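Computed from a prediction, not measured in an experiment: that's the story for all the values here. Letters go in sequence order (proteins before strands), and every chain restarts at 1.
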Amino acid sequence: MDTSTLLSTGLEPARVRFAPSPTGRMHIGSARTALYDYLLARRTGGQFILRIEDTDTKRTVPGAEQELMDGLRWLGLEYDEGPDVGGACGPYRQSERRELYHEQVTILQEKGAAYPCFCAPDRLERVRRERQKQKLNTGYDGLCRSIDPDEARRRIADGERHIIRFKTPRQGSTTAVDVLRGPITVPNSQIDDYVLIKSDGLPTYHCGAMVDDHLMAITHVIRGSEWLSTFPLHALIVRAFGWEEPVWIHLSVFLKPSGKGKMSKRDTSVALDSGYSIYVSDLRDFGYVPEGVLNWIVLMGWGVSEGDVMTLDQMVDRFDIANLSPAPAAINFSKLDHFSGTHIRALRTEDLAARIKPYFTSAGLTVDDARLLRIVPLIRERLVTLDDCLPFAAWFFKETVEPEPEELIGKNLTAAQSADVARKAYEILAGLPAITLTTAEPPMRHLISDLGLNANQVFGILRAAVTGQTVSPPLFESMEIVGKEKVLERVSRAIIILEKM
RNA sequence: GCCCCCAUCGUCUAGUGGACCAGGACGCAGCCCUUUCAAGGCUAAAGCUGGAGUUCGAAUCUCCAUGGGGGCACCA
């Protein structure tokens with residue numbers, strides 16, 4: 001089947017939908033599906049649609065839908081149609097499309113491809129156990145298939161509780177084509193008479209998704225491989241309606257970092273303990289940049305031969321569904337760090353400044369924008385996540401710093417020797433018209449050789465004195481920003497501390 | 001138990017019968033740079049799950065085995 005390649009190379013605009021159920025937090029698996037949806041839509045000049053599949057009223061959790069929308073927007077995956085933006089095929093919440101499903105399923109019943117079932121849950125349970133004992137497939141036994149349509153109508157009119165089932169062909173087999181795997185054939189005996197409409201009147205996924213994909217003119221269905229087993233059923237339903245099938249693409253699953261099995265609750269908490277998470281909002285809170293997260297997840301299940309650092313637009317240019325991988329992928333968090341840091345380094349100074357500013361203000365610091373702009377180039381290549389800006393630069397916005405006395409002592413020196421070094425450095429710095437990298441470094445280098453010490457020892461003392469910490473951005477550039485007055489003040493304070501030791 | 005899917009360095013992957021003594025990236029190791037921490041540069045180690053076939057020729061096609069994954073709900 002070459003249609004997939006054809007369609008994905010931009011000849012025809014694709015209408016693609018991301019259809020999550022609002023039952024929990026948005027994780028990277030969903031994000032990656034949405035990303036691929038988005039890429040295919042943009043690549044072909046089509047539309048990317050958000051549809052909320054909230055037909056399980058018991059499992060729907062408040063706030064989940066909002067988290068989904070926030071997550072998509074944070075990642076930069078703007079959708080063209082959706083619950084909060086509208087569109088020509090709305091409503092975009094399945095719970096608001098009840099009548100539509102009933103209309104369609106009625107048509108299916110008239111075609112003889114669906115039927116009402118009055119069996120109570122406890123009978124279903126009994127049947128299931130019985131068939132299991134006989135080593136048969138644990139499906140519905142089809143009892144209600146034989147009910148006369150008129151009698152069924154009467155019972156429904158009497159208000160009898162019922163559901164609608166799909167009448168799966170008993171004989172033969174069904175073949176459906178997945179872009180990544182080719183034709184998949186399953187004997188029809190393996191496909192149950194699945195429920196289409198539940199007794200609460202809402203459709204199951206099998207019904208809701210198929211009806212909506214058709215009504216919304218979806219051309220490509222990208223979803224998780226957990227749907228592979230019911231894939232032939234879905235093809236059967238679409239065909240029973242007489243509709244054209246979309247192009248089907250089943251993505252691989254994400255495995256835990258070890259590659260042995262999928263992420264469990266335990267794996268999730270282990271990740272959390274190391275500062276990682278599979279949840280999109282956590283990643284945002286941890287200071288990862290969306291560009292990095294996107295680059296990270298896009299490469300799990302898709303590959304490029306070279307040049308794997310990409311922006312969203314660059315992904316759009318290169319994306320092709322035919323290159324997706326059907327094999328499961330193990331999550332690799334250290335790669336997330338790599339892509340996050342790489343994209344942070346690529347940000348323009350103003351952009352990065354705007355992104356890290358909130359971290360300082362949240363820490364209770366008052367941020368001077370002009371100063372922040374000068375700090376950014378100094379810390380840019382040191383950040384893996386945005387919140388790393390705090391340990392590197394928070395001290396810039398503090399009136400005073402509090403170095404640990406021991407840290408003021410130079411390597412292999414005594415406190416007294418260190419005080420002496422600090423005094424000499426003070427004199428040199430005090431004699432300068434202004435402290436900058438170009439004015440301060442040469443004389444300080446001279447001091448080092450005059451004293452017969454090394455740069456590490458002398459700069460270490462000054463670093464602790466001026467920044468209050470042992471790890472910091474480059475010393476002289478930092479001093480330049482802090483200003484001569486404050487540098488001298490801090491060095492003299494360090495001298496006093498050292499003399500008291 | 002039944003059905004379905006998958007299989008290239010530790011991990012993500014490129015590879016679509018000859019251009020592959022298998023390319024890139026992360027990580028790891030070493031070296032260089034260096035003012036701490038980074039970043040950057042260079043170098044190295046590391047792989048086609050196994051077995052049968054098809055073919056002049058297989059990582060690439062077929063079959064089997066093994067391993068892994070998914071599913072068997074009035075959940076999605």
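Of the N and O atoms on the side chains of A:Ser264 and A:Asp267, at least one donor lies less than 3.5 Å from an acceptor on the other residue. A side-chain N or O of A:Asp212 and one of A:Tyr101 form a donor-acceptor pair less than 3.5 Å apart. For the residue pair A:Arg490 / A:Thr467, no side-chain donor-acceptor distance below 3.5 Å is found, with atom types taken as modelled. Residues A:Gln109 and A:Thr106 bring no donor and acceptor atom of their side chains to less than 3.5 Å of each other. Residues A:Thr60 and A:Asp54 bring no donor and acceptor atom of their side chains to less than 3.5 Å of each other.
Contacts of A:Pro474 with the nucleic acid, taken as non-hydrogen atoms under 4.0 Å apart, include base atoms. Residue contacts for A:Arg345: at a heavy-atom cut-off of 4.0 Å it reaches the sugar-phosphate backbone alone, with no base atom in range. Here A:Gly261 lies in heavy-atom contact (under 4.0 Å) with sugar-phosphate atoms only. Among the heavy atoms of the strands lying under 4.0 Å from A:Pro121 is at least one base atom, whether or not backbone atoms are also near. When heavy atoms are screened at a 4.0 angstrom cut-off, A:Pro203 is found touching the sugar-phosphate backbone but no base atom. Within 4.0 Å (heavy atoms only), A:Thr55 reaches sugar-phosphate atoms of the nucleic acid but no base atom. Among the heavy atoms of the strands lying under 4.0 Å from A:Leu299 are primed sugar atoms or P, OP1, OP2 only; no base atom is included. Contacts of A:Arg223 with the nucleic acid, taken as non-hydrogen atoms under 4.0 Å apart, are absent. Contact annotation for A:Pro20: no contact, since no heavy-atom pair falls under 4.0 Å across all strands. Among the protein residues, A:Thr470 comes within range of the nucleic acid bases, having at least one heavy atom under 4.0 Å from a base atom.
Taking 4.0 Å as the cutoff to heavy atoms of chain A, we find the contact window on RNA chain B bounded by B:C2 to B:A76.
Spacing between B:G17 and B:C28 at atom C1', rounded to whole Å, works out to 35 Å. Nucleotides B:G23 and B:U54, compared at atom P, are 30 Å apart to the nearest Å. The separation of B:C3 from B:U60, taken at their C1' atoms, amounts to 28 Å, rounded to a whole angstrom. Distance noted for atom C1' between B:G15 and B:C56: 23 Å (whole Å). The gap from the C1' atom of B:G71 to that of B:C63 amounts to 26 Å, rounded to the nearest Å. The C1' atoms of B:C9 and B:C21 are separated by 16 Å, rounded to the nearest whole Å. Here the separation of B:A14 from B:C32, taken at their P atoms, is 37 Å to the nearest Å. To the nearest whole angstrom, the two P atoms, one in B:U13 and one in B:U49, are 15 Å apart.
If you check B:U35 for Watson-Crick or wobble pairing at under 3.5 angstrom, you find it has no partner at all. Remark: B:C63 base-pairs with B:G51. Criterion, Watson-Crick or G-U wobble with two distances under 3.5 Å. Of all nucleotides present, only B:G30 satisfies the Watson-Crick or G-U wobble test against B:C42, with each distance under 3.5 Å. In this structure, B:A22 forms no base pair with any nucleotide, since neither Watson-Crick nor G-U wobble geometry is met with both distances under 3.5 Å.
Ring pair A:Phe339/A:Tyr288: centre-to-centre distance not below 6.0 Å.
Comparing A:Glu441 and A:Thr185 by the nucleotide of RNA chain B that holds the closest heavy atom to each, the one mapping nearer the 5' end is A:Thr185. Residues A:Ile184 and A:Glu477 each lie close to RNA chain B; by heavy-atom proximity, the contact nearer the 5' end of the strand is made by A:Ile184.
For the ring pair (Phe, Tyr, Trp, His ring centres under 6.0 Å) test, residues two or more places apart in sequence or in another chain that qualify with A:His206 are A:Tyr194, A:His234. The ring pair (Phe, Tyr, Trp, His ring centres under 6.0 Å) test applied to A:Phe231 returns A:Trp248, A:His250, not counting sequence neighbours.
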